[in-house]
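Here's the structure we're looking at; comments come further down.
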2 protein chains.
Amino acid sequence: MAEKPTAAPDTAAPAPPVDGPVPEGDSDTRRGPETREAIDLAAIELFANRGYHATSMRAIASAAGIQPAAIYHWYESKEAILIGLQDDFMEELTEAVEAAVDRVETPAAKLAAAVREHVVFHGLHARAAFVTDSEIRALTDDPRRTLIAKRDDYQERFRSLIEAGVDDGTLKTSEDRVATYAILLQCTGVALWFDPRGPLSLDRVADLHVELVLGSLGASPELIAGVLAELHDGEQGERKAA
Amino acid sequence: MAEKPTAAPDTAAPAPPVDGPVPEGDSDTRRGPETREAIDLAAIELFANRGYHATSMRAIASAAGIQPAAIYHWYESKEAILIGLQDDFMEELTEAVEAAVDRVETPAAKLAAAVREHVVFHGLHARAAFVTDSEIRALTDDPRRTLIAKRDDYQERFRSLIEAGVDDGTLKTSEDRVATYAILLQCTGVALWFDPRGPLSLDRVADLHVELVLGSLGASPELIAGVLAELHDGEQGERKAA
DNA sequence: CGTCTAGCCTAACGATCGTTCATGAAGTTC
DNA sequence: GAACTTCATGAACGATCGTTAGGCTAGACG
């Protein structure tokens, strides 16, 4: 860890931000709750880029434009930042998927809606998704158990949708549990590679995953096309209503 | 990081192993190259369980039954341990998949063979697979670029197999690149959840993934069954020849 | 105007980090 | 049996870690 040879005082006063494109707060004066948002933003970015344990409180503070001690006015510990981030993500994800599922009727369409919303949400909040997924092991026992329970609940929703599709004869699978793992892994992985500046829109990527998922569950091309049409109609209806 | 309140000398002499089921070397005398293997084993286990940055050299040494300084006789730095681990994994994985692909003829069968071998290899070396995948960002620039290039090469093999299957009409996909990401993500993810003590054998899980992958690429149930039969024949033939 | 509090600062504490240094015991070679 | 290499040890160095103590300041409130 030989990085700065000079023996400076512990607090690296203004200290250049340690790395690449990170939102650097203007080092003005007191900002109230905006400071908390700046901390959240900096933490998501840094946790995603370098990992929780490779990110120091000093780096977060620097990226947020404050001093390290100021973080403790808003969070009681480094872990509390991570927990808050992960809780927020899981809650919003679950709500979004639940709402999408409720918008359609048949099991196959419900599964497709869940897949679609899962992909879109992971594309829109890629860094938070990645941190929530990859830093479970950084948590201490209690918060880890809590988060794993939420994740298991979430997975179970998908599994039971698959089961319902198999029961009504529209879908087929040899092992619904393995299919659930496979489907969620490939959809969650969108957060790893999706680039909004790339050639494919997020909507397109989401549709492609609906195709892949329903295809892997033995759905006919006609069923897939029908379900996709139903999803897009539902979206438009929702938007008119809102 | 307040963990041990007492101010002990820096080297925590015998020091109990810091955590759960980790291979603890017998603290006998000098052991030669066995020590290197003990270091490798300890590092894989600890990197996988806690992450690279959360694993200290002292923890690795303790799990390997040696003193921290002894590690530097075998590796020049902590990062060198990680690089060695990842290089070994990628090389063995690539060789295994290449051999499996060469055993069969048609594009669909080659893709299925690649998927099958990929899943089996990730199930057999789950911890090394996880570390190779998840700790890319822990590497410094040069080794990271090297590893990413190898991973991209590996992905490209799968993509071109898919392309070949589409070209000869046995497979269908709207976007081969997205399909490649999705397929590799779900197959790599086997390392995250597969448990050899669980109800499903690794061979069964591998076959299930072949079904899922070929299904998502629009293969007919007959084609899937035929390809699976071909794969199992090939395996038997290889084993007779060996 | 005086008091209080929210918000942030400077400075530092004690622990732990990766790594290095000097030393030495055991094998090997001549 | 002397010289050399291999493998490991105990102790330490300097940096950095998460966190805390204490103080300053601007605005709210009486």
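Below, chains carry the letters A, B, ... as their sequence lines are ordered, and counting in each starts from 1.
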Item to check | Note: A:Asp153-A:Lys150 ion pair, threshold 4.0 Å (strictly below) | outcome: no
Next on the checklist: I'd like to know if A:Arg31 reaches the base of C:dG7 with its side chain, counting only an N/O donor and acceptor under 3.5 Å.
Outcome noted: no
Checklist entry - In whole Å, what is the span from the CH2 atom of B:Trp74 to the C1' atom of C:dT20? => result 19 Å
Checklist entry - How close or far is atom C1' of D:dT20 from atom NZ of A:Lys78, stated in whole angstroms? => result 17 Å
Checklist entry - Looking only at side-chain N and O atoms, does B:Ser77 come under 4.0 Å of OP1 or OP2 in C:dG18? => result no
Next on the checklist: Taking only side-chain N and O atoms of B:His73, does any of them lie within less than 4.0 angstrom of OP1 or OP2 on D:dA8?
Outcome noted: no
Checklist entry - Under 4.0 Å between a side-chain N or O of A:Ser56 and OP1 or OP2 of D:dT16? => result no
Checklist entry - Is B:Arg127 close enough and on-axis enough to B:Phe89, meaning under 6.0 Å and within 45°, for cation-pi? => result no
Checklist entry - To the nearest Å, how far apart are A:Met57 CE and D:dT19 P? => result 5 Å
Item to check | Cation-pi check, A:Arg36 onto A:Tyr75 ring (under 6.0 Å, within 45° of axis) | outcome: yes
Item to check | Proximity to the side chain of B:Gln67 - top-ranked nucleotide from C:dG7, D:dT19, D:dT9 | outcome: D:dT9
Checklist entry - Is the shortest heavy-atom distance from the side chain of A:His125 to the side chain of A:Leu93 under 4.5 Å? => result no
Checklist outcome for this item: Judged by nearest nucleotide, the residue sitting upstream toward the 5' end of DNA chain D, B:Pro33 or B:Ala69, is B:Pro33
Checklist entry - Nearest nucleotide by nearest heavy atom, which residue falls closer to the 5' end of DNA chain D, B:Ile71 or A:Glu76? => result B:Ile71
